[in-house]
Amino acid sequence: MSERLPVFPLGTVLFPGLVLPLHIFEERYRSLVRELVASPEDGPHEFGVVTLRRGVEAPSPEAEDGPAPEPPPVKLDDLYPVGCTAELRQVTELPDGRFDIMTVGRRRFTLVDIRQGEEPYLTAKVEWLPDETPDETAAQLAPRALAAFRTYLDLLRPDSEVIDTVPGDPTVLSHLIAATAQLTTDERQLLLAAPDTATRLRAELKLLNREAGLLAKVRAVPVPLSDLARPASPN
């Protein structure tokens, strides 16, 4: 089933269930926010977030002395093929007409085509990807992925608290890992586009083990002899 959807090209990847705050400064997307706010309560309050490929600039904030230059037209090839809708949860209008909004990722989709000019903002024909229902394989992979994620976070930020509360749903966990781990945009996009939760968790296990191995090697680098010559701290 296909549908036309307003879309916002960004330099980030949004996953279902994850929070995305945005500062809206371009007039065309201010118009979109006003339309979403004015839509009926039971109507759609969401827009698509699609990720710009490397080398394509995201919109720049307005300069202090006037609006930013109009960005060049976005072509379908400038965007990754899979995106996620952002559901509007909170809107703060600023005195100058800009908005600070809080959104949450909701539904994944595949881009079919994009159009400019019919609306003030970019729109796209999209096909919805099916909702994920974790199977037994995903349920078995989730504890392994969580353990690898904890190990990775401990190596990445040894002085901070490792997350205590984690989602029990394997799909939600897979999206949290994909959004939190320090991965490339290509890797995040592959995880977003994964056909099911088990496939995503398997890929994340490989990525987390790779990243943990690299971090462990960095931590294993010998300290300089000059550091070893310093007096030991009584603490």
Side-chain angles (χ1 to χ4, degrees), residues 2-76 78-129 172 175-176 178-180 182-183 185 188-189 191-192:
S2 62
E3 185 176 333
R4 186 153 292 279
L5 185 73
V7 292
F8 199 156
L10 293 173
T12 189
V13 183
L14 177 62
F15 289 86
L18 275 294
V19 173
L20 177 65
L22 291 171
H23 177 67
I24 306 299
F25 54 87
E26 282 190 86
E27 180 53 42
R28 54 182 172 173
Y29 290 109
R30 294 186 199 181
S31 175
L32 172 58
V33 172
R34 288 191 289 266
E35 288 181 21
L36 292 174
V37 170
S39 63
E41 286 190 14
D42 59 348
H45 292 78
E46 61 182 343
F47 56 91
V49 171
V50 286
T51 308
L52 289 160
R53 292 186 182 276
R54 184 179 303 172
V56 182
E57 291 188 9
S60 301
E62 291 179 343
E64 292 183 3
D65 57 351
E70 187 71 18
V74 177
K75 303 184 293 295
L76 189 62
D78 294 333
L79 304 168
Y80 283 92
V82 176
C84 179
T85 62
E87 184 176 31
L88 203 60
R89 293 292 181 87
Q90 184 177 331
V91 178
T92 302
E93 185 171 5
L94 304 177
D96 60 2
R98 292 175 296 166
F99 292 96
D100 285 330
I101 65 174
M102 190 67 67
T103 70
V104 175
R106 187 179 172 206
R107 300 186 284 173
R108 298 182 304 147
F109 59 82
T110 299
L111 288 174
V112 177
D113 68 34
I114 58 172
R115 293 183 188 173
Q116 297 184 93
E118 295 181 358
E119 300 287 349
Y121 40 78
L122 192 69
T123 66
K125 183 179 179 182
V126 303
E127 292 184 349
W128 301 109
L129 292 174
V172 178
H175 291 149
L176 175 64
T180 305
Q182 293 189 347
L183 304 173
T185 301
R188 282 201 171 98
Q189 280 292 149
L191 294 174
L192 178 65

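The basis for the numbers below is simple: all heavy atoms, side chains too, and nothing from hydrogens, waters or symmetry mates. These numbers come from a predicted model, not from an experiment.
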What's the separation between atom [atom1] in [X] and atom [atom2] in [Y], rounded to the nearest 0.5 Å?
X	Y	atom1	atom2	value
L122	R115	CG	CZ	11.5 Å
L129	T110	CG	OG1	4.0 Å
W128	R107	CH2	CZ	3.5 Å

Check: [X] side chain, [Y] main-chain N or O, donor-acceptor pair, under 3.5 Å:
X	Y	result
R108	P16	no
T51	G11	no
E127	V112	no

Minimum heavy-atom distance between [X] and [Y], given as atom pair plus value:
X	Y	value
M102	V19	SD-CG1, 3.2 Å
L192	V82	CD2-O, 3.7 Å
F15	C84	C-SG, 3.9 Å
H45	L36	CD2-O, 3.0 Å
V91	F99	CG1-CD2, 3.5 Å
R53	L79	NE-O, 3.3 Å

With side chains defined as the heavy atoms from C-beta onward, is the minimum distance between [X] and [Y] less than 4.5 Å?
X	Y	answer
T103	E87	no
T85	V49	no
Y80	R188	no
Y29	L22	no
D78	P9	no

Review point. Between L10 and L20, does a side chain to side chain contact (heavy atoms under 4.5 Å, CB included) hold up when you go through it step by step?
Key: CA-CA 11 Å; L10 293 173; L20 177 65; 4.2 Å; yes
**Study point:** Test log, rule side chain to side chain contact (heavy atoms under 4.5 Å, CB included), inputs R34 and V37
**Key:** CA-CA 5 Å; R34 288 191 289 266; V37 170; 5.8 Å; no
Review point. Would you say the side-chain atoms of T123 and R4 include a donor-acceptor pair closer than 3.5 Å?
Key: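 Distance-only check passes for T123 and R4.
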**Study point:** Option from L14, T180, L18, L191 for which side chain to side chain contact (heavy atoms under 4.5 Å, CB included) with H175 holds
**Key:**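 Single side chain to side chain contact (heavy atoms under 4.5 Å, CB included) partner of H175 among L14, T180, L18, L191: L18.
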**Study point:** CA sep, side-chain torsions, deciding dist, call: F25, L94, side chain to side chain contact (heavy atoms under 4.5 Å, CB included)
**Key:** CA-CA 10 Å; F25 54 87; L94 304 177; over 6 Å; no
**Study point:** Pairing of E93 and R30 as salt bridge, 4.0 angstrom limit
**Key:**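 R30 and E93: not salt-bridged.
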